[in-house]
Undergrad: 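Starting off with a structure, shown below.
Remember, it's 1-based here, ligands and their atoms both numbered in the order they're listed.
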Amino acid sequence: MATARPALARSTGAPAARIMAVGSYRPARVVTNAEVCERIDSSDEWIRERSGIIERRYAAKDESVADMSVAAAQVALRRAGVQPEQIGMVLVATVTHPYQTPAVATEISDRLGTLNAAAMDISAACAGFCYGVSLANDMIRGGSAQYVLVIGVEKLTDWVDPHDRGTAFIFADGAGAAVIGPSQEVGIGPTIWGADGSQRAAISMSQSLIDYRDNGGRIFPSLVMEGQQVFRWAVGEMSKTAQRAIDAAGITADDLAAFIPHQANMRITDAMIRAIGLPAHVPVARDIATTGNTSAASIPLAMDRMLQDGEIPSGGLALLIGFGAGLVYAAQVVILP
Ligand code: UT7
């Protein structure tokens with residue numbers, strides 16, 4: 001016989017959520033293609049043509065994932081006018097925090113003084129920021145947090161082999177943050193997301209840390225990428241995902257005020273523009289040219305730059321799409337802060 005039990009209280013959230021503000025942090029050191037080519041057999045011309053990258057930023061040796069995150073988050077909190085104590089969750093999308101545990105989100109939360117927040121990391125590579133936006137949206141609507149701090153941050157230079165021709169010129173360092181809070185109007189459209197784990201070897205590590213230890217610790221694990229495979233998948237599948245996010249939001253590409261894809265490769269961005277028939281009047285993020293590919297940080301870095309430069313309007317609709325190692329992806333239309 002079933003035991004009689006009281007009904008549990010239902011948590012209630014806000015009708016909707018929106019991005020209230022973004023902030024970002026770019027490390028000071030600018031690294032040119034010429035400098036990267038000191039360690040790989042390549043050229044400035046090839047890198048510009050194949051990736052669109054002219055230069056990128058590298059963090060200092062003693063500058064950590066947490067340091068960059070705190071800097072970006074402080075800007076976002078100030079702009080949002082939200083106090084640290086109001087944050088209910090700190091979500092940090094990163095794959096380059098060098099400790100297995102604890103999550104870097106806990107250090108960031110402590111340093112920001114978000115005393116009432118839960119904190120955790122998201123491992124969704126270059127889709128991490130869009131995963132975080134989706135989770136924050138659901139948490140705020142579900143009532144588990146009123147304000148969520150979503151950070152995308154990477155120090156890829158710690159994990160990329162500077163002598164690897166397939167990755168050294170692409171990846172770089174930086175951080176972007178968004179404060180997401182309650183709203184009457186829908187500020188974050190439906191997220192189209194997924195994971196194709198059958199392609200998990202396409203972007204991975206050369207070996208595990210356990211193998212590194214047991215093999216005598218000679219060659220440190222580094223990021224390895226089947227560039228062409230990822231490129232083909234991104235152009236083919238991510239264009240469809242972008243279109244599905246537009247459709248799910250109940251808008252058309254003509255309604256967009258910005259297209260901010262993960263800054264993976266300028267040619268991937270251009271192919272997606274053609275595939276979704278993006279009207280010429282819609283500004284497109286091309287932050288990769290001077291920032292490189294910063295994985296989880298690339299979308300908030302690009303969004304912040306475009307907003308600060310007045311290239312895109314506060315209150316306009318922006319299509320975001322992140323994709324990368326897993327292979328994982330997520331896309332949504334948002335109202336720009
Ligand atoms: O952010 C996470 C998701 N990541 C991505 O979305 C990255 C997707 N992939 C890419 O962006 C591109 O595949 C790369 C930019 C990484 C590479 O560009 P690609 O056009 O796919 O180059 P490829 O591997 O097809 O190589 C083309 C040629 C080859 O020479 P041959 O066989 O045509 O003579 C390579 O040996 O370019 C050569 N090559 C290089 N040459 C100069 C490969 N790497 C380099 C290099 N410098 N660094």
Undergrad: Please answer whether the main-chain N or O of Q332 pairs with a side-chain N or O of T191 as donor and acceptor at a distance below 3.5 Å.
TA: no
Undergrad: Using a threshold of 4.0 angstrom between heavy atoms of the protein and any atom of ligand 1, which residues qualify?
TA: D41, S42, W46, R50, C126, R165, F169, I170, I203, M225, G227, Q228, V230, F231, H262, A264, N265, R267, I268, N293
Undergrad: Does either side chain, that of T294 or that of E154, offer a donor lying less than 3.5 Å from an acceptor on the other one?
TA: no
Undergrad: Which ILVMFWY residues are connected to L8, directly or by a chain of links, through side-chain heavy atoms under 4.5 Å apart?
TA: none
Undergrad: Who clusters with M20? Use side-chain heavy atoms, under 4.5 angstrom, across I, L, V, M, F, W and Y, and order the result by chain and number.
TA: Y25, V65, M68, V70, L77, V82, I87, V90, V92, V104, I108, L112, Y147, L149, I151, V153, V179
Undergrad: List the steps, then state whether side chain to side chain donor-acceptor pair (under 3.5 Å) holds for T291 with R26.
TA: CA-CA 8 Å; T291 307; R26 291 167 203 274; 2.7 Å; yes
Undergrad: Listing request: all salt bridge (charged side-chain N to carboxylate O under 4.0 Å, His left out) pairs with a residue in residues 74-85, at least two apart in sequence or in separate chains.
TA: R79-D304
